[in-house]
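Worth saying up front: this structure is predicted, and the values here are computed from it rather than measured. Because only heavy atoms are used, hydrogens play no part in the values below, and waters and symmetry mates are left out as well, while side chains stay in.
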Amino acid sequence: MKLHRKKILVLMFCIILIIQLIYIPNSVKASTYTQTTKTGISNFPASYQAKLNELKSLYPNWTFTAFYTGINWDEFIREETSLHLRNTVIKSSNKLWLDSCGQVASGYACASTPILKYYSDPRNFLNESGIFQFLEMTYNASSQTEQGVKGIISSTFMNTNVTFNLNGTERTMPYSEIIMEAARESKMSPYSIAIKIIQEVGRQGSASVSGHYVAKNGTVYDNYYNFFNYGAYDTGDAIANGLEYAKAQGWTNQYIAIVEGAKKMANSYTNAGQNTAYFYKWDVVGTELSQLFKHQYMTNIQDPSSQAKNLFNTYATNNLLNTPLNFIIPVYNNMPQANNLPTTIDTTLSTSYYLTGSDVRLRQSPTTSSSIIATLQKNEVVTVLQFNAATANNLQWAKVQLSNGNVGYIANKYLAPCNNNGVGNKIAKIEGKNLVAIPGKTIAEIASSLSLTNYSVRAGDLRPLESSYPLTTGDKFNIDGIEYEVVVLGDIYADRIIDARDYMKIKNYIMGISTLNEIEQKASQVHSDGVIDARDYMKIKNHIMGTSSITM
């Protein structure tokens, strides 16, 4: 009798287990999402609109499409943090950027949840360059040209011709033409293809595209190419893994590897709805949970913003920014008010400053030859312990402290006050040995903004200048017996006006046609991020055209 009862209990347990197994898949399948697109700034949430309106005023031909994912923000973050190394940052990043998982692969570590939130929040990148991670990647023959591709690859290993055999015929083609052919066949932007190659194998190329590689186990790979690092998994020999994949695909020359690789990428991502750099990284395109979060091209959370900068520079230097461009920008349900860079520093204090440039090095001593303590990214916050702590390498250095307590030195030019109440009230400021000013201001206006009483100004040829005279780059501004060389932002030509000669100087510098001396470089940095690129060029050009003004 007892045995009979045991059999009944076992039978009942099996029935319950079967019911549960049937029920669980149905509950997962029920997780569906309604995804819609709406074009026009008015169709975005209010937290997007101000920045988009500002961009629209600068570039009237741009359009913005809101992609409503139907996904709750908290669910998105939960899924993205559910697997170690799904999202990574460089292992030497700020400790607040690193997760406690402890796993490291190929120099990258697990990204912390706060930094993941910052880089995945589209609202943090609605600016002139950041917006390009949302640029629709489809091929557009009217705005994407071979000349533009040549601009992207001009200083890379692809700035050359290659000879290969195609269907029994020997051919010689420049890389730029191969990339354009890949764009036509894949229906994907040639600019995105070129930038993706550079990001995957580097500006000088890697063994993945050299045509010859000896693996760690002694296997020799001759005449196999993998420009997009398909199959190049970190386990074991990553390059050998990628070349083994190329061998299986028959990618036996540069032409085949680029064209077929681009078609594969387009079919897997671009043509499947993941048609922006953002969607390549964050897989939020799909109507069921099983279709989301797993199909992500890369793990590096900074990759989309890096691609965006390269794309912006390409369009700017080729005078294509005013062409019709469409940006597809995701919107999540129940988004928080903001997702800022993680910091433990009180940003309301007058000693709190943020970084205006990327990859800024915190050094042990105030000199460029000193050892590097940390590499900091744009918008990271530091506490300034002493501004103008030292002068070296033609730079003024500030002594700063990170949120983790580390103390070191950063060049003054990479710092801006968090409270936005810097000296000069956005008209002028003292920066090391320079007085930096916005264009069009007279000496009297500058003196008033800096609350000066004991001062004098001379032109570059040492002529005394009256207070009603406008400043120009190269003037000498003497304050209480200390002389500062004037830098007027945008006035690169140093003639007291900003015109086409100024923006041509900076454009030629960006394209590598000519150089700029030290004072000209300082006048060129109107974007205030420590580097000279297409964003500076466009700000000067827009100032001339009257669509926007150069500000401090």
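Contact detail for Arg501 and Asp495: the closest heavy-atom pair is NH2-OD2, 2.6 Å. Looking at every heavy atom in both residues, Ser268 comes nearest to Gln274 through O-OE1, 4.4 Å. The nearest pair of heavy atoms linking Val149 to Ser176 is CG1-CA, 3.8 Å.
Side chains of Thr367 and Asn393: a donor-acceptor N/O pair is present below 3.5 angstrom, by distance only. Between the side chains of Arg171 and Thr163, no donor-acceptor pair of N or O atoms lies under 3.5 Å. For the residue pair Gln302 and Tyr119, a side-chain donor N or O sits within less than 3.5 Å of a side-chain acceptor on the partner. Using modelled atom types and a 3.5 Å distance limit, the side chains of Thr65 and Thr37 yield no donor-acceptor pair.
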* Asked: Where do Leu450 and Lys429 land on the side chain to side chain contact (heavy atoms under 4.5 Å, CB included) test, with the steps shown first?
  -> CA-CA 7 Å; Leu450 294 172; Lys429 63 180 178 179; 5.5 Å; no
* List the steps, then state whether side-chain hydrogen bond (donor to acceptor under 3.5 Å, both in side chains) holds for Thr472 with Asp491. => CA-CA 7 Å; Thr472 190; Asp491 189 10; 2.4 Å; yes
* To do: Run the numbers on Asp303 and Tyr297 for side chain to side chain contact (heavy atoms under 4.5 Å, CB included), then give the verdict.
  => CA-CA 10 Å; Asp303 188 277; Tyr297 190 87; over 6 Å; no
* Derivation and outcome, side-chain hydrogen bond (donor to acceptor under 3.5 Å, both in side chains), residues Asn412 and Glu431 -> CA-CA 7 Å; Asn412 287 359; Glu431 190 175 85; over 6 Å; no
* Yes or no on salt bridge (charged side-chain N to carboxylate O under 4.0 Å, His left out) for Asp475 and Arg496, after CA distance, side-chain angles and deciding distance? -> CA-CA 10 Å; Asp475 285 345; Arg496 303 188 195 280; 2.9 Å; yes
* Determine, stepwise, if the pair Glu520 / Lys505 fulfils salt bridge (charged side-chain N to carboxylate O under 4.0 Å, His left out). => CA-CA 9 Å; Glu520 289 173 335; Lys505 262 185 169 289; 3.3 Å; yes
* What do the steps show when you test Gln199 against Ser306 for side-chain hydrogen bond (donor to acceptor under 3.5 Å, both in side chains), and what is the final call? -> CA-CA 9 Å; Gln199 288 191 311; Ser306 176; 3.2 Å; yes
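Glu128 pairs by the salt bridge (charged side-chain N to carboxylate O under 4.0 Å, His left out) definition with nothing, not counting sequence neighbours. Among residues two or more places apart in sequence or in another chain, the side-chain contact (heavy atoms from CB on, under 4.5 Å) test is passed with Thr276 by Tyr278, Phe279, Ile328. With sequence neighbours left out, Asn478 forms a side-chain contact (heavy atoms from CB on, under 4.5 Å) with Ser456, Glu483. Applying the side-chain contact (heavy atoms from CB on, under 4.5 Å) criterion to Arg361, with sequence neighbours excluded, gives Arg363, Ile372, Thr375.
In this structure the side chain of Gln525 reaches within 4.5 angstrom of the side chain of Ile532, judged on heavy atoms. Side-chain contact between Asn434 and Lys522: present, with at least one pair of heavy atoms (C-beta onward) separated by less than 4.5 Å. By the 4.5 Å heavy-atom criterion applied to side chains, Leu465 and Arg463 are counted as neighbours. Residues Leu376 and Ile410 have side chains in contact (heavy-atom distance under 4.5 Å, counting atoms from C-beta outward).
Taking the six-membered ring for Trp and thresholds of 30 and 60 degrees, Phe64 and Phe327 have nearly parallel ring planes, at less than 30 degrees apart.
Side-chain rings of Tyr315 and Tyr191 approach one another, their centers coming within less than 6.0 Å. Aromatic pair Trp282/Phe134: centroids not less than 6.0 angstrom apart. When ring centroids are compared, Tyr503 and Tyr537 come within the 6.0 Å threshold. Ring centers of Tyr255 and Tyr225: at least 6.0 Å apart, outside the cut-off.
Not a single donor-acceptor pair under 3.5 Å links the side chain of Asn159 to the backbone N or O of Ile153.
No salt bridge links Asp536 with Lys507; every basic N to acidic carboxylate O contact stays at or beyond 4.0 Å. Taking a cutoff of 4.0 Å between a charged side-chain nitrogen and a carboxylate oxygen, Lys264 and Glu260 do not qualify as a salt bridge. A salt bridge does not link Glu485 with Lys433: every distance from a Lys NZ or Arg NE/NH1/NH2 to an Asp or Glu carboxylate oxygen is 4.0 Å or more.
Here Tyr269 contributes atom OH and Asn275 contributes atom CG; the two are 13.5 Å apart, rounded to the nearest 0.5 Å. Note that CZ of Phe387 and CG of Leu415 are 5.5 Å apart. Values are rounded to the nearest 0.5 Å. Note that CG of Asn322 and CG of Asn542 are 7.5 Å apart. Values are rounded to the nearest 0.5 Å. The CD atom of Glu136 sits 5.0 Å away from the CG atom of Asn326 when rounded to the nearest 0.5 Å. Going from atom CG of Asn388 over to atom CD1 of Ile430 covers 9.5 Å, rounded to the nearest 0.5 Å. A distance of 13.0 Å separates OG in Ser305 from CD1 in Ile131, rounded to the nearest 0.5 Å.
Applying the salt bridge (charged side-chain N to carboxylate O under 4.0 Å, His left out) definition to pairs two or more places apart or across chains, none involves residues 541-552. For residues 44-67, no pair satisfies salt bridge (charged side-chain N to carboxylate O under 4.0 Å, His left out), with sequence neighbours left out.
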